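One structure is given below, encoded as structure tokens.
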2 protein chains.
Amino acid sequence: MLISKEKQFDIWSQELSIPIPAIDIVIFTVYQNELCVVLLKQDFEWESSYILPGGIIAKWFSLEENFDDILKRKTWITGVYKEQLYTFWSPKRDKRGHTLSISYFALVSMDNFFKNIDFTKVAIVKYKDINEKNIGFKDKNIGSDHFEIIQYAKQRLEWKLEYTNVAKEILPEKFKMSQLQAIYEIITGNIYDKRNFQKKIFSLQILLETGEFDSSTNRPAKLYTFKDKDLKIIEKNSFV
Amino acid sequence: MLISKEKQFDIWSQELSIPIPAIDIVIFTVYQNELCVVLLKQDFEWESSYILPGGIIAKWFSLEENFDDILKRKTWITGVYKEQLYTFWSPKRDKRGHTLSISYFALVSMDNFFKNIDFTKVAIVKYKDINEKNIGFKDKNIGSDHFEIIQYAKQRLEWKLEYTNVAKEILPEKFKMSQLQAIYEIITGNIYDKRNFQKKIFSLQILLETGEFDSSTNRPAKLYTFKDKDLKIIEKNSFV
DNA sequence: ACAAAAGTGTTTATATTACACCCATGA
DNA sequence: TCATGGGTGTAATATAAACACTTTTGT
């Protein structure tokens, strides 16, 4: 006998002494010079409410495979940078489903983003517009801690930006120095002197000059690209 | 009808499409001038094999409560510093139980350690003596990735030591500068010039002089204590 | 010619590294 | 008196921070 996924879920949540492991995804992008998060949307008469894309995991697949599957089903986005964040659980969270949230942090470039995303399913919400009130579907008792998870992800993003070349996951393949600086300024909320910024970035030795120029605005700007294709952790000096 | 925990576990692992969430604990201490890990032991004729203390979580309690319960049941250790590490899952791990491992990293001071630990249950293994061969009970097909988890925890420990005052969780309440330096040297594997080490530590402003001295060896040594009772992240300079 | 973004150097302050001798105590 | 671990300072180098004008292009 086949039972629907919903039904099966409700049986589990009552019968078992364990919480049900699920994945929740905080996916950031930079859009219109703002840090944004891709969220699932529910509209009420005069307001909107959002939750993180997520779903229950299947034991036949790895966490990464489950992530890819869930993100694709919920948003149609594929091929993003992803990293596990933290696992959240409390007996109070998500009373209906009793799900344990293995949260992931993801980055998507605007290129990839517009190629893949399904706008009938998701909303792009400015990070600064997200607050406790518009996160979580109160009536269904889900997403109660999604605001906290987003905060946690933002912290991780700032950290990663400082210590790795992860900015490449948000930028197009080739970019000008001012675009790179903008990413850092948007995400950290600081503004930097462009001479010092450039000196710092060059000292990290993570960029290559392409020899090409962007002529879209006034004086043509040199285009750079990241040297390493994979995530590179920038080594810090020893403790002492 | 009551069914035993073992039996129930086996039913779950077969019937469910989800993995069973469990906690695995990597608990470090510094003992006899060596970095050590507290592990559960199984002796064979001519060799020993170890796994991480761990157990299945109950949804009636938070992760922290589950952690405390599991650690106490398995080792009798209580009141340690703990921090969630990472959640490991793959369809290949732990074939019998299909458990998903929410791993934790913990630190225990020798003081606390000897007050609480139950040596009939656990072994204290030098970190450097741990290898793929002596971790995991092959016959029972458990702990297959515990070596990987320990490596991950060691990395986190080094990081925490550099960026926080977490050393306080391993040291006694009052300690001399050379003890603090030893902790750093043992864990990072580096050796430091004691003048530079002192300058660095003082610059972080995380210590207080107690005014007391340790007279146990030769010239009496000043005793210090940590200024903050809670974990303090040492702010790094801004990116640029 | 002017508006807009790109490009470029120097000075000062701070942090890091390398390095060696004297001190207080117990045995 | 000597062996042991504790305590202390300075000079050289490297990194970070503050700061403003010129260049190239499109309009």
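Lettering of chains follows the sequences in order, A, B, ..., and the numbering in each one begins at 1. This structure is a prediction, so every number in the text was calculated from the model and none was measured.
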Any ion pair linking [Y] and [X] (charged N to carboxylate O, less than 4.0 Å)?
X        : Y         : value
Lys82(A) : Asp68(A)  : yes
Glu47(B) : Lys133(B) : no
Glu83(A) : Arg156(A) : yes
Arg73(A) : Asp69(A)  : yes

Requested in this report: Please tell me which of Asp193(B) and Lys176(B) maps to the more 5' nucleotide of DNA chain D, matching each residue to the nucleotide holding its nearest heavy atom.
Outcome: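 It is Lys176(B), whose closest nucleotide lies nearer the 5' terminus.
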Query raised in the report: Cation-pi between Lys176(A) and Tyr224(A): NZ/CZ under 6.0 Å from ring centre and within 45° of the ring axis?
Result: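 Judged by the rule, Lys176(A) and Tyr224(A) form no cation-pi pair.
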Report task. May I ask you to establish whether Lys222(B) and Phe213(B) are in a cation-pi arrangement, using a distance under 6.0 Å from NZ or CZ to the six-membered ring centre and at most 45° from the ring axis? Result -> no
Report task. Return no unless some side-chain N or O of Ser178(A) is found under 4.0 Å from OP1 or OP2 of dA6(C). Result -> yes
Given atom [atom1] of [X] and atom [atom2] of [N], what is their separation to the nearest angstrom?
X         : N       : atom1 : atom2 : value
Ile191(B) : dT17(C) : CD1   : P     : 14 Å
Arg195(B) : dC21(C) : CZ    : P     : 10 Å
Lys194(A) : dC21(D) : NZ    : P     : 14 Å
Gln181(A) : dA6(C)  : CD    : P     : 9 Å
Phe197(A) : dA16(D) : CZ    : C1'   : 15 Å
Tyr192(B) : dG7(D)  : OH    : C1'   : 21 Å
Gln198(A) : dT8(C)  : CD    : C1'   : 8 Å

Query raised in the report: Checking salt bridge (Lys or Arg N to Asp or Glu O under 4.0 Å) for the pair Lys41(A)/Asp118(A): CA distance, chi angles, key distance, verdict?
Result: CA-CA 12 Å; Lys41(A) 185 177 182 181; Asp118(A) 177 351; over 6 Å; no
Requested in this report: Could you check which residues of residues 202-226 of chain A get a heavy atom under 4.0 Å from DNA chain D? Sort them by number, please.
Outcome: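 Listed by number, they are Asn218(A), Arg219(A), Pro220(A).
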Query - Donor-acceptor pair, side chain of Thr29(A) and main chain of Tyr31(A), under 3.5 angstrom - result: no
Query raised in the report: Counting N and O atoms only, with roles assigned by atom type, does the side chain of Asn134(A) sit under 3.5 Å from a partner on the main chain of Asn131(A), one being a donor and the other an acceptor?
Result: yes
Query raised in the report: Taking protein heavy atoms under 4.0 Å as touching, what does nucleotides 10-15 of chain D look like 5' to 3' if B marks base contact, S marks sugar-phosphate-only contact and - marks none?
Result: B-----
